[in-house]
Amino acid sequence: MLNIVIFGAPGSGKGTQSARIVEKYGLNHISTGDVLRAEIKNGTELGKTAKGYIDQGQLIPDALMIDILASVFDSFKDSKGVIFDGFPRTIAQAEALKVMLAERGQEVSVMLDLEVPEDELMTRLIKRGLESGRADDNDETIKKRLLVYHSQTAPLIDWYKADGKYCHIHGLGTMEGIFADIAGAIDNVIG
Ligand code: AMP
């Protein structure tokens with residue numbers, strides 16, 4: 001199985017590029033943000049809990065996220081591989097992902113870090129908020145999410161470097177150009 005972690009700050013293009021990866025490599029896609037937004041839309045208990053955190057730009061507690069992730073992962077049958085989009089976001093989640101995959105005889109194949117400068121992230125997120133109406137794409141929440149990214153999520157860059165899975169992707173440019181770099185990195189892993 002090809003297990004790809006697509007990593008980057010909010011607005012770095014993880015969702016857009018994941019869709020292309022899914023199309024080219026036939027992988028299953030887990031976007032934890034999409035899973036949580038669906039729960040909110042369906043008015044579930046989990047959705048109600050998640051909404052409080054999401055609206056504040058904060059992360060959902062690790063234990064809850066890890067359970068959700070394992071159950072979505074196990075729902076895939078005969079999978080060629082999975083793209084993890086928006087997970088892990090903390091060191092605890094990365095450690096839990098490693099354990100969960102090892103228990104299933106799997107491992108992360110590569111972590112793709114889509115790096116985009118901060119001013120460009122702000123511009124993209126504000127634009128997305130205007131177009132999609134995503135409740136957490138407003139000025140104040142965007143700033144909080146970027147702070148959370150730097151304090152809790154960015155340390156994963158060194159964690160994945162130490163784990164030997166890190167691959168840097170320059171996240172500025174055309175969608176096609178960025179995808180070409182991503183596909184090159186994935187083809188390298190496939191060998
Ligand atoms: P995203 O669509 O990936 O930007 O996620 C939107 C929001 O969902 C985040 O700001 C968090 O509040 C929550 N969320 C998504 N994935 C995770 C995760 N792996 N851990 C904790 N919270 C998450």
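Start at 1 and go down the list; that is how both ligands and their atoms are numbered. Computed from a predicted structure; not experimentally measured.
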Counting each atom of ligand 1 from 1 as listed, which ones have a heavy atom of [X] under 4.0 Å away?
| X | result |
| --- | --- |
| Gln93 | 18 (C), 19 (N), 20 (N), 21 (C) |
| Arg37 | 2 (O), 6 (C) |
| Thr32 | 15 (C), 16 (N), 17 (C), 19 (N) |
| Ile54 | 7 (C), 8 (O), 12 (O), 13 (C) |
| Arg134 | 1 (P), 2 (O), 4 (O), 6 (C) |

Note the single closest protein heavy atom to [atom], along with its residue, its atom name and the distance in Å.
| atom | value |
| --- | --- |
| atom 22 (N) of ligand 1 | Ile60 N, 3.0 Å |
| atom 11 (C) of ligand 1 | Gln58 O, 3.6 Å |
| atom 5 (O) of ligand 1 | Arg89 NH2, 3.4 Å |

What verdict does the side chain to side chain donor-acceptor pair (under 3.5 Å) test give for Gln152 and Thr90, after you've listed the backbone C-alpha separation in whole Å, the side-chain angles of each residue and the deciding distance to 0.1 Å?
CA-CA 6 Å; Gln152 298 189 58; Thr90 62; over 6 Å; no
Between the side chains of Glu131 and Arg124, is the shortest nitrogen-to-carboxylate-oxygen separation below 4.0 Å, so that they form an ion pair?
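No, this pair does not count.
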Salt bridge or not for Lys48 and Glu45, using N-O below 4.0 Å?
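Counted as a salt bridge, because a side-chain N and a carboxylate O are separated by less than 4.0 Å.
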Would Lys161 and Tyr166 count as a cation-pi pair here, with the cationic atom under 6.0 angstrom from the ring centre and within 45° of the axis?
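Ring-cation test returns yes.
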What class does the angle between the rings of Tyr149 and Phe7 fall in, given that below 30° is parallel, 30 to 60° is tilted and above 60° is perpendicular?
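It falls in the tilted class, 30° to 60°.
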What part of Leu36, side chain from CB on, backbone N/CA/C/O, both or neither, has a heavy atom under 4.0 Å from ligand 1?
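The side chain, only.
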Output yes when the distance from some N or O of ligand 1 to some N or O of Tyr53 is under 3.5 Å, and no in every other case.
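No, no N or O pair falls under 3.5 Å.
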Mind checking whether Met65 has an N or O less than 3.5 Å away from an N or O of ligand 1?
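Such a contact does not occur with ligand 1.
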Could you check which of Arg145, Gln152, Lys144 puts a non-hydrogen atom nearest to atom 10 (O) of ligand 1?
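Residue with the shortest heavy-atom distance to the ligand atom: Arg145.
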Side chains of Asp181 and His170 only: does a donor on one sit below 3.5 Å from an acceptor on the other?
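Side chains of Asp181 and His170: no pair found under 3.5 Å.
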Could you tell me whether the side chains of Asp136 and Tyr53 share a donor-acceptor contact shorter than 3.5 Å?
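No - no donor-acceptor pair under 3.5 Å links their side chains.
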Under the salt bridge (Lys or Arg N to Asp or Glu O under 4.0 Å) criterion, do Arg145 and Asp137 qualify, and how do the steps go?
CA-CA 9 Å; Arg145 284 159 60 212; Asp137 282 344; 2.9 Å; yes
